[in-house]
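Only one structure is covered here, and it is reproduced in the block below.
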There are 2 protein chains.
Amino acid sequence: MSVNRKNYHHGDLKPALIAAGLDLLEETGLESLSLRAIAARVGVSHTAPKNHFDGLRGLLTAIAAEGFRRHAAEMRHGVEDHPPGKPRLQAACDGYLRFALAHPELFRLMFSKTLCNHDDPALRAAASGSYEVLRGIAAGLDWDKADAPGAPQRTEWMLWSIVHGYAMLLIEGQIPRAPDGSAPFPASGVVPDFGYRADLAE
Amino acid sequence: MSVNRKNYHHGDLKPALIAAGLDLLEETGLESLSLRAIAARVGVSHTAPKNHFDGLRGLLTAIAAEGFRRHAAEMRHGVEDHPPGKPRLQAACDGYLRFALAHPELFRLMFSKTLCNHDDPALRAAASGSYEVLRGIAAGLDWDKADAPGAPQRTEWMLWSIVHGYAMLLIEGQIPRAPDGSAPFPASGVVPDFGYRADLAE
DNA sequence: CGCAAAAATTTACATTGGAAATATGAAGGG
DNA sequence: CCCTTCATATTTCCAATGTAAATTTTTGCG
C-alpha cells in the first residue's frame, strides 16, 4: 500500500485527519471544526472519515487523545531537571498551564464530555498518561490534609483542581490576562507552598 | 398589553424564552438546546426570539446571566449563618459546588466563552455578583502567599481556581463520583486550611 | 486472472441558525 | 371611533452540518 497517493485511496487517512484537525483547531477554533472542513483540508469527501472514526465525535476523540499526549509531554518537559518536591511541582504546573494557554481550543476539546468520548480506550490511556505525571509529583506533598482519610487521592485532586481551574478560568476569559496573553501569576503562584515528606513519596 | 395571551403576540416572550431555555437545559442538556427547541416549547416560531435577543448566542447569554444569579444565591445560602473565616469559606465553597453538580449543563454554559457572550453588560453584572461572594469571603484569608505582591487578588483567584477546577473535573467526569452523583470529598475537603487575619479582612 | 473486502465517492436527507419579506395586533393621536 | 405606526411574530427561503445508503474504485489475496 503506497502512502500519500493522489488517487482514489488516500493511503494514510486516519492520521492525516487527526493532523488536519489539530491544525484547524489552532487556525479556526473549535466551533468551526466541522467534519466537512477537516475532510476538505485533507482533500477527501466529508464521508470518508466514517471508515476510520465513529462519526465526528470519534474523530474529535482521537484528536483529544493526541492532545493529552502532547499535554503530558509538556508537563514532563523540564520536570526531571528539578529535584522532587516543590521545584518539580512548579515545573509540572507551569507545563500544565503553558499547554492550556498555548492551545486553548485543543485544551477545551480534551476536557469536554460533550465533544469527545471519554470512554474510548485510546483516549482513556492518553488522559491517564497525563494524569500520571501530576500524580507522581503529588506523591510526597505535605499539607494540612495529607494525613486525613482519603489521601493521597485528595492531594492529587486538590492539586489538579487548582491548576485546571486556573487554566480554565484564564482560557474562558474569567481571569484577565496580560496583553501578551500571559497569566497574571505563574501556575506556581496560585499553588500553595506544600511541604515535602519523603515518607509520603512513592 | 395583556400577558400570556394565546394569540399572535405572546406578550411576555423574553422572560418566557429564558425560562424555557433553563427548563430544557435540565431536561435535554446543552447540546440539544436549539433555538428552535426553545421557541417550540414556548409555542412561537423559531425566528420570534430575534426580536428580543441577538440570535442564539444572545439567548444563551441571557440564560447564563440568570444562571449566575442563581449561582450567587446558592453560594450566599447559609453563609451568614457562619462566622467569617474558615466556616464561612466552607459554606460558600460548598454552595459553589452544590450548584455546579445540581445544574451541570447550565454551569457549563455559564463559563463557556464559545456559547455565550461575556461582554454582554447583563451577563457581566450577573457574573460579577457571583464573583463578589467569593471575593468577600477570600478577604481575610491567610496563607503562605497572603503577603506576597498581588494579594489579595491572588488569594481570590487561588480560591476560585480550586473550587472551579474541582467542579469542572467532576462535571466532566474526570474525577469519579459516587453512584448518587456526589463528589468524593466536599468542596471544603480540597480547599487548604486557610488561617484568618482580621487585618486582611475588609 | 478474478473476486472479495476495504476505502472513498455520490447522493439524499433531517436539523440547525439566520435573513428577508410579510402578516398581525397594540397603542396612541386625530 | 378610526386610522396610522411600530413592535412583534410568522412564513418562506437558504446555506451549512452530520449521518445514512447506495455506488464506485482500488487493493490484495487465492
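No experiment lies behind these values; they were computed from the predicted model shown. Just so we're on the same page: letters track the sequence lines, and every chain starts at 1.
Listed by residue number, the members of residues 22-42 of chain B with any heavy atom below 4.0 angstrom from DNA chain D form an empty set. Using a 4.0 Å cutoff on non-hydrogen atoms, the parts of residues 48-56 of chain A near DNA chain C are A48(A), N51(A), H52(A), ordered by number. Within residues 104-115 of chain B, no residue approaches DNA chain D, by heavy-atom distance under 4.0 Å.
For T47(A) against dT19(D), a side-chain-to-base donor-acceptor contact under 3.5 Å is absent. Judged by distance alone, with hydrogens and angles left aside, H46(A) brings a side-chain donor or acceptor within reach of the base of dT19(D), the pair sitting under 3.5 Å.
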Would you give me the side-chain donor-acceptor pairs under 3.5 Å for residues 166-186 of chain A, sequence neighbours excluded?
residue, atom, partner, partner atom, Å
Y166(A), OH, F185(A), N, 3.1
Y166(A), OH, F185(A), O, 2.8
E172(A), OE1, R108(A), NH1, 3.2
E172(A), OE1, K113(B), N, 2.7
E172(A), OE2, R108(A), NH1, 2.7
Q174(A), NE2, H118(B), ND1, 3.4
R177(A), NH1, G181(A), O, 3.1
D180(A), OD1, S182(A), N, 3.1
D180(A), OD1, S182(A), OG, 2.8

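With sequence neighbours excluded, the residues forming a salt bridge (Lys or Arg N to Asp or Glu O under 4.0 Å) with E27(B) are R41(B), listed by chain and number. For L115(A), the side chain to side chain contact (heavy atoms under 4.5 Å, CB included) partners at least two apart in sequence or on another chain are L30(A), L60(A), L109(A), S112(A). Remark: R69(B) pairs with A65(B), E66(B), A126(B) by the side chain to side chain contact (heavy atoms under 4.5 Å, CB included) rule, at least two apart or across chains. Under the ring-ring contact (aromatic ring centres under 6.0 Å, His included) criterion, H52(B) pairs with no residue at all, not counting sequence neighbours. In this structure, the ring-ring contact (aromatic ring centres under 6.0 Å, His included) partners of F68(A), at least two apart in sequence or on a different chain, are F111(A). For A102(A), the side chain to side chain contact (heavy atoms under 4.5 Å, CB included) criterion is met by no residue, not counting sequence neighbours. Residues passing the side chain to side chain contact (heavy atoms under 4.5 Å, CB included) test with K145(B) are D193(A), W143(B), A148(B), R154(B), sequence neighbours excluded.
Distance, K14(B) NZ to dA9(D) C1': 16 Å, rounded to whole Å. Taking atom CG of L60(B) as the reference point, atom C1' of dG17(C) lies 11 Å away to the nearest angstrom.
Using modelled atom types, no side-chain atom of T155(A) and backbone atom of A151(A) make a donor-acceptor pair closer than 3.5 Å.
Counting only residues at least two apart or in different chains, side chain to side chain donor-acceptor pair (under 3.5 Å) contacts with residues 73-83 of chain A comprise E74(A)-R98(A).
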